[in-house]
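The shown structure was predicted, so the numbers you read here are calculated from the model rather than taken from an experiment.
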Amino acid sequence: MRRGARVPRAGTAAALLAASLTMSLAAACTSPHRASDDGRAPAPSPTADRSTHPGSVLAVKIDNVPAARPQTGLDSADVVYAEQVEGGLSRLMAVYATHLPETIGPVRSARESDLELLRQFEEPTLAFSGAQSKLLPLIDKAPLRAETPDNASGAFYRGGDKPAPHNLYLRPDRLMPSAPGGSALTTGFRYGDRPPGGTDGTTRTVRYPAARFTFTWSPDRHRYLVAMDGTPALTTDGRRVAASTVVVQYVEMRTSRFHDFLGNGTPYTQTVGSGKAEVLRDGRAYDVTWKRPKATDGTEFTTKGGNPMTFADGQVWVVFAPSP
């Protein structure tokens, strides 16, 4: 079993999808986002009885257009992946292992490249609002536990704070009784003291055609404050979203064979392979290489001197950027 050398933060699967999930996916495949818009929180369903592998992380696809902000529960994630989607916009995948917040969202739809990214975890749970109809058979076959409003209605609800489709939220305790713990984070990340060297890494911006992420070092918080599209990223209680380590990972982006419901091409973010990356921690920047030989492997980051790149303890943001 793969295990990253991770020090968990303070306070801080199941085999095949059930037949009922397969039937519900097939019935709903004509809709790109399969969730009701009635604005009501559904009555609880017996989702607590659904089996969960004890070492499974929870991954949640989170909306990231301005209308979806501020997001809920994002600051509790161990890892936040940022990817480019249709129209040059961005979307997030938040991964939870050491702590499950009360609520997470807004929840949005899955993409093809999510399946490759999640292979590094052992039978993860993926919570999402739906998917393009032709992608659903691949999700059915993937080694993960897929959870949507169709098959776990008691775990999802529509909030009144934002207009649909930016108001679908998840109650994670309806999917899994407790957080699996840091050993479930089989990402390949190494945590430890800051390596020697590096250059000034007090601020970095990653741009997509219609989105951008900026990370600014805060000596007071000893974290990188996150801004999205030029606006500070906040939690729902008004605190700044902040990362201990930021990874700008340069990857190949090609057009997926699947499109959104408007026919727009979806970028496929290839996370298996190797390439360059920049790691920001403690106000320093490190040029490194990354390697992930196969989908079931975590990603290894190596310094120019050939040593493993170590991350600071706490939340990690990985922003996938197109290779130059």
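- Between Thr299 and Arg292, the shortest heavy-atom contact is OG1-CD, 3.6 Å.
- Asp282 places no side-chain N or O within 3.5 Å of a backbone atom of Ala312 that could act as its donor or acceptor partner.
- Counting heavy atoms of neighbouring residues, nucleotides and ligands inside a 6.0 Å radius, atom CG of Asp193 does not exceed 12 of them.
- Within the 3.5 Å criterion, the main-chain N or O of Gly198 finds a donor-acceptor partner in the side chain of Arg284.
- Each ring pair (Phe, Tyr, Trp, His ring centres under 6.0 Å) pair with one or both residues in residues 62-98, not counting sequence neighbours, appears once here: Tyr81-Phe320.
- Taking 4.0 Å as the cut-off between side-chain N and carboxylate O, Lys294 and Asp297 count as a salt-bridged pair.
- Distance check: Thr266 OG1 to Gln84 CD gives 10.5 Å after rounding to the nearest 0.5 Å.
- Remark: Lys162 NZ is packed, more than 12 non-hydrogen atoms of other residues, nucleotides or ligands lying under 6.0 Å away.
- Counting heavy atoms from C-beta outward, Arg158 and Leu168 have side chains that approach closer than 4.5 Å.
- A distance of 14.0 Å separates NZ of Lys61 from CD1 of Ile104, quoted to the nearest 0.5 Å.
- We find that Glu278 and Arg204 are joined by a salt bridge, their nearest charged nitrogen and carboxylate oxygen being less than 4.0 Å apart.
- Side-chain contact check for Glu102 versus Thr72: every heavy-atom pair is 4.5 Å or farther apart.
- Screening residues 214-257 for ring pair (Phe, Tyr, Trp, His ring centres under 6.0 Å), with sequence neighbours left out, gives Phe215-Trp317, Trp217-His222, Trp217-Tyr224.
- Atoms CZ and CZ, on Arg221 and Arg239 in that order, are 7.0 Å from each other to the nearest 0.5 Å.
- Side-chain atoms of Ser109 and Ser129 include no donor-acceptor pair closer than 3.5 Å.
- The closest side-chain heavy-atom distance from Met176 to Leu100 is below 4.5 Å.
- In this structure Tyr286 satisfies the side chain to side chain donor-acceptor pair (under 3.5 Å) test together with Arg194, sequence neighbours excluded.
- Between the Thr216 side chain and the Leu225 main chain, no donor and acceptor come within less than 3.5 Å of each other.
- Between Lys276 and Pro324 the shortest side-chain heavy-atom distance does not fall below 4.5 Å.
- With rounding to the nearest 0.5 Å, the separation of CG in Leu118 from CG in Asp114 is 6.5 Å.
- A heavy-atom distance below 4.5 Å is not found between the side chains of Ser244 and Asp313.
- Glu300 places no side-chain N or O within 3.5 Å of a backbone atom of Pro308 that could act as its donor or acceptor partner.
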